[in-house]
Each structure stands twice: as C-alpha cells, then as structure tokens.
Amino acid sequence: GNTRLSIAITSAAVALILLAGASGWMIHQQGKQRDSIETALDTIKSDPEKLAAQLRKNINDASELKKAEAGEDWDEKLKIEEERKQQLFRVDDLIRVIQSGISEEADPVFKQATAILADTKKGSPEKALKYLESQQIRLMSEVEQLASLEANISRRKQEKLRPLLLEAGLHENRFEWEDALKDLRLAVKLAPNWWEAQHLLGNLLKNRAFYQESESHLRLALAIAPNETDRATSESSLGRLLEFQGNFEEAEKYYRSALLRRTNKLGPEAPATLTSVTELAFVLKLRGHYREAETLLRDTLAHQESTLGRVHEDTLDSINNLASILKSQGKFKEAEPLFTEAMEGRKSVLGPDHPDTLASMNHLAFFYESTGKYDQAAPLYNETYQSRKRILGETHPNTLTSLNSIAVLATNAEDYEKADRIFRDVLQQRADLLGADHPSTTATRSDLAYLCVLRERQEEAETLFRETLT
C-alpha cells in the first residue's frame, strides 16, 4: 500500500513538473512571439524602406513562380507581368497605412499582420491578408463591446478597426476594388468620425470614378480633420475631385487653402508644399491663367530639382505640367522636349503602365496632334487607350479621354465613319458617368458637332451646337 501511494505521489509530482514545464515553455514561446512582433514593428519604424523592399521582393518572387507555372503561355506571362507592375505601384500606399497605425496601443491583430508582412522568411501579403480575413469576425465582436464603453471609445475603436484599412490596402494592391471598398465602407460605418477611414474611402471612390459618393466622404473628412496637416491633405484631395468634375473655380479655392496651410506648417520648400503649388498651377492653367501658372511651376521646378533631383516623381510632375502650360501658350519648341522628358522619366521611375506614365503619353500624343504630327500621335494614343482599358476598365474617365482622342485623330485623318462611331459611344458613356453638362461631355458633343459639319449634316450639327451652348 505504501509502495502504491509512493508511486502515485511520484507520478503526481512528475505530472506537476511536466505541466509546469509546459506552461513555462508556452509562456516562453508567447514571450518570444511578442518580442518578434515588437522587433518587426521597431524595424518598420526605423527603416520603413526595408519592409517596402521585402514586399517588392515577395511580389517579384511570386510573379516569377507564376511565370514558371505558365510555361510557354506568353499571353498568361504578359498578364502576370502587368499584375506584378501594378502591385509594385501600391507598395508605398501600404507602407503609409502601416506607419500611420504603428503605436503602443495598436491592436494586436494589426501588429501581427504587420509582422507577417515584415517576416523575411515566411511572410507574404497573401498570408497577411488571409490572417486579417480570419480575424475580422472577432474584431467586429470586440468593436461591438467597445461601443458600450464611454472612455476613450473613439481612439480604441479606431485602433481595433485599423486592420480593416490594411486589409483594404492589400485588396487594392491586388485590384480587388470591391473588396477594398467593402472594408473601407465597413470602417466608416463603425467609426464615422474617423478622418483616416473617411479620407481613404473618398480617395478610392474618386479613383474609381464614383464622384458623387466620393465628394460626400471627402467633405466629411475635411470637416473632421484633427489637425492642420490632415486638413491640408483633405483640401488637396477635394480639390482634385472638383478638378475631375470640371469645377475648376472651387478646386482652385481648396488648392490655395492647402498651399497656405502647408507653407505655414511645413515651410515653402517642403515636398508637400511644392505638391500643392503644382496642383494649384495646373488648375490655373485649366482656367486660362497661364502666366501665374508658369511662374509658380518654374519656381517649384527649381526647388525640386535642387532638393529631389531631375528624375524624382514629384519633379517629373512639375516638368509635365510646365510643358502643358507652355503648349497652351504656343511655346511649342520649349514644350516638346519637356513632354518627352516627363514621359521617359516616368517610364523609368514608375513603370510603363503607371497612371502618371500613361498621362504623359497622352499629353505627348496630344502635343503631336496639335502640331500636325499625326503619324507620331496615333501609336501613342492607341497604346495609352489599350493600357487604360486593361488597367482601369472601359468606362473609366481616363479611358474615355484616350478613346475620344483617337476619334479626334480619326477626324483629322478624314476617317469620318470611325470618328463618328467613337464620338457617339464616348458621348453616351460620358453623359451617363459624368453628366450631360460636364466639361468632358460638352467637349465630346462639340467634337461630334464639328464632325457633322464636315459630313454636311447641318441640322444635326446645329442641334448639337445648341445643346453645347445651353
């Protein structure tokens, strides 16, 4: 009996030791995981470019693997390459979302997802996205619990919801627009006074050409912006939206306000301030104030070239805009090399399919057309249209701009049947998307009216001209 009792006591002691050892091992492992996450976050804080480089490497590695699997299917390989380029474009946006959320009170899910992205051995955007999606139900439950608390609710709720912003950015990086919009709409529904979520949703809606919905979110973001820096950012975004809508006068007002805030807060030569100058100069050009626009851009270009270099993305923006202003004033000899420099520079820095590169191609094609160099304009217009259709979709405003340009070129080449067919298609789509009175819609209607004159359809031409004037 004593022997059995001794064995039982010994067994119990061993079990307790093992249990204590297991608990200690679990605590040790949890501590190692926390240390790993904190190390990853500290790395991102001190060297965000390291994470950006890792994300780019993950994208490139995944692309190479897909190409190998595609074998000799060159169409599939071309598609994979285009996807790779577009994913690379959005890495910087993801880094901004991550940096804005790194803090001691950041939600553990956000920290873990960020650590997955930063893991050089096992991490990837796909794993981070899968993890975020797996945590969404739990996060929503915790947000509902927080809704009953009074103290610090807004800040705590935002940190709980921040993984949604990261998830939206990852979806956007994969061209999953509906999923990205779904995440951002959920974020603003649960935290309607969160500036960052409202601003991101407004910008994505603007980029997808949902202008009316975008405006409501961007105006709300401006109203709730917590500081001068965020107010200037909201004014800049709202100005860009109004510019897209053809409301140049109001756009100028917001651009000037953003410029004043950034000048006072950051100084006249800060990159964000110079961006505001460029935005203001461009809308002044659209309003016909060429001299003021040219003066602003030349000053900005001089600052950017001395601080950022000639081939920096911001500098290339100014070069392109200056070329456009010079062209509008008939200074063609000075404008042409600048258009070419902007296009080639953007191809090198941003890639051939980046929206800014495509804009430069369209600008150079328009310059060639305006100076009668139709043979040089045609291939650029066609390449720009095909790229925009593939990347943005057939009904995106930028795609329609390229298609309208092809019709204008067809008119100049006296291919009236082709021009007529395209103009009518663009006119209908612009009226549906932008409205019958939008400047772009009016421009296409005027183009079609002129074509009717050339084809001796006087009655229809008169009707179209009257609609344009009214």
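Positions are given from 1, in the same order as the sequence printed here. Everything numeric in this text was worked out from a predicted model, so none of it was measured.
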Colleague: Ignoring hydrogens and geometry beyond distance, is a side-chain donor-acceptor pair present between E394 and T399 at under 3.5 Å?
Modeller: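 Side-chain D/A pair, E394 to T399: absent.
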Colleague: Do other residues, nucleotides or ligands put more than 12 heavy atoms under 6.0 Å from Y450 OH?
Modeller: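 Not buried by this count: 12 neighbours or fewer within 6.0 Å.
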Colleague: Using a strict threshold of under 4.0 Å (side-chain N to carboxylate O), is an ion pair present between R466 and E462?
Modeller: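 Salt bridge between E462 and R466, a charged N being under 4.0 Å from a carboxylate O: yes.
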Colleague: Judged by atom type as modelled, is there a donor-acceptor pair below 3.5 Å linking the side chain of T263 to the main-chain atoms of L259?
Modeller: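 Answer holds: yes.
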Colleague: Using the rule given for side-chain hydrogen bond (donor to acceptor under 3.5 Å, both in side chains), can you reason through E279 versus S236, listing the C-alpha separation, both sets of side-chain angles and the distance that settles it, and then say yes or no?
Modeller: CA-CA 8 Å; E279 291 171 338; S236 178; 2.8 Å; yes
Colleague: Answer yes when R421 and E417 have at least one side-chain N-carboxylate O distance shorter than 4.0 Å, and no when they do not.
Modeller: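 A salt bridge is absent here (no side-chain N lies under 4.0 Å from a carboxylate O).
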Colleague: Taking atom types as modelled and ignoring hydrogens, do the side chains of D425 and Q429 form a donor-acceptor contact shorter than 3.5 angstrom?
Modeller: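 Their side chains do contain a donor-acceptor pair, which is all the 3.5 Å distance test asks for.
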Colleague: Under a 3.5 Å cutoff, is there a donor and acceptor pairing between the side chains of K285 and S324?
Modeller: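 Short answer, yes.
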Colleague: With no hydrogens and no angle check, just 3.5 Å: does a side-chain donor-acceptor pair link T300 and S318?
Modeller: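 Distance-only check fails for T300 and S318.
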Colleague: Using salt bridge (Lys or Arg N to Asp or Glu O under 4.0 Å), reason through E213 and R185 one step at a time and then give a plain yes or no.
Modeller: CA-CA 11 Å; E213 188 181 357; R185 284 190 173 118; 2.9 Å; yes
Colleague: With rounding to the nearest 0.5 angstrom, report the CG to CD distance, L464 to E460.
Modeller: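 Separation between the atoms: 5.0 Å.
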Colleague: Can you tell me if E243 and N247 form a side-chain donor-acceptor pair at under 3.5 Å?
Modeller: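 N247 and E243 do not have a side-chain donor-acceptor pair below 3.5 Å.
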Colleague: Could you tell me the separation between the NE2 atom of H171 and the CG atom of L166, rounded to the nearest 0.5 Å?
Modeller: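 These two atoms lie 10.0 Å from each other.
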Colleague: Is atom CD of Q458 surrounded by more than 12 heavy atoms (other residues, nucleotides or ligands) closer than 6.0 Å?
Modeller: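 Yes.
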Colleague: Would you say the side-chain atoms of H199 and N203 include a donor-acceptor pair closer than 3.5 Å?
Modeller: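 Looking only at side-chain atoms, N203 and H199 do form a donor-acceptor pair, the distance falling under 3.5 Å.
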Colleague: What closest approach, in Å, do P192 and I224 show between heavy atoms, and which atom pair accounts for it?
Modeller: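 Closest approach of P192 to I224: O-CD1, 4.0 Å.
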Colleague: Output yes when a side-chain donor or acceptor of R346 lies under 3.5 Å from a complementary backbone atom of D356, and no otherwise.
Modeller: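 It does hold such a pair.
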Colleague: Checking side-chain polar atoms at under 3.5 Å, does N362 have a donor or acceptor matched by the opposite partner on T384?
Modeller: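 There is no such pair between these side chains.
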Colleague: Is K130 atom NZ crowded by more than 12 heavy atoms from other residues, nucleotides or ligands, each under 6.0 Å away?
Modeller: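 For K130, atom NZ is not crowded (no more than 12 foreign heavy atoms under 6.0 Å).
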Colleague: Are E228 and K265 close enough for a salt bridge, meaning some N to O gap below 4.0 Å?
Modeller: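 A salt bridge is absent here (no side-chain N lies under 4.0 Å from a carboxylate O).
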Colleague: How many angstroms lie between atom CZ of F367 and atom CZ of F332, to the nearest 0.5 angstrom?
Modeller: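 Answer for the CZ-CZ pair, F367 versus F332, is 6.5 Å.
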Colleague: Does S237 use its side chain to pair, donor to acceptor, with the backbone of T233 at less than 3.5 Å?
Modeller: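 A pair under 3.5 Å: yes.
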Colleague: Between E235 and R231, is there a salt bridge with N-O shorter than 4.0 Å?
Modeller: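 No.
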Colleague: To the nearest 0.5 angstrom, please state how far the OG1 atom of T315 sits from the CD atom of E313.
Modeller: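 With rounding to 0.5 Å, OG1 (T315) is 9.5 Å from CD (E313).
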Colleague: Salt bridge check, E250 against R287: does any charged N sit closer than 4.0 Å to a carboxylate O?
Modeller: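 Judged by the 4.0 Å cut-off on N to carboxylate O distance, R287 and E250 do not form a salt bridge.
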Colleague: Between S348 and G345 (side chain of the first, backbone of the second, donor and acceptor by atom type, cut-off under 3.5 Å), is there such a pair?
Modeller: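 Checking the backbone N and O of G345 against the side chain of S348, no donor-acceptor pair under 3.5 Å is found.
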Colleague: Without swapping roles, check the side chain of H354 against the backbone of K347 for a donor-acceptor pair under 3.5 Å.
Modeller: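 Not a single qualifying donor-acceptor pair exists.
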Colleague: Go through the steps to decide whether T401 and R430 satisfy the test side-chain hydrogen bond (donor to acceptor under 3.5 Å, both in side chains), and finish with yes or no.
Modeller: CA-CA 9 Å; T401 295; R430 278 181 162 173; 3.2 Å; yes
Colleague: Taking only Lys NZ, Arg NE, NH1 and NH2, and the carboxylate oxygens of Asp or Glu, determine whether R219 and E215 approach each other closer than 4.0 Å.
Modeller: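 Salt bridge between R219 and E215, a charged N being under 4.0 Å from a carboxylate O: yes.
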Colleague: How far apart are the closest heavy atoms of L316 and R310, and which atoms are they?
Modeller: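 Smallest interatomic distance, heavy atoms only, reads CD2-O, 3.9 Å.
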Colleague: Examine the side chains of T444 and N404 and answer whether a donor and an acceptor come within less than 3.5 Å of each other.
Modeller: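 Yes, N404 and T444 have a side-chain donor paired with an acceptor closer than 3.5 Å.
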Colleague: Could you go through E167 and R162, starting from their C-alpha distance and side-chain angles, then the distance that decides it, and tell me whether this counts as salt bridge (Lys or Arg N to Asp or Glu O under 4.0 Å)?
Modeller: CA-CA 9 Å; E167 186 177 325; R162 187 171 293 281; over 6 Å; no
Colleague: When you check the side-chain N and O atoms of N320 and D317, is any donor under 3.5 Å from an acceptor?
Modeller: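 Absent: no donor and acceptor within the cut-off.
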Colleague: Donor-acceptor pair, distance only, cut-off 3.5 Å: does the side chain of T295 make one with the backbone of R291?
Modeller: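 The answer is yes, because a donor-acceptor pair under 3.5 Å joins these two groups.
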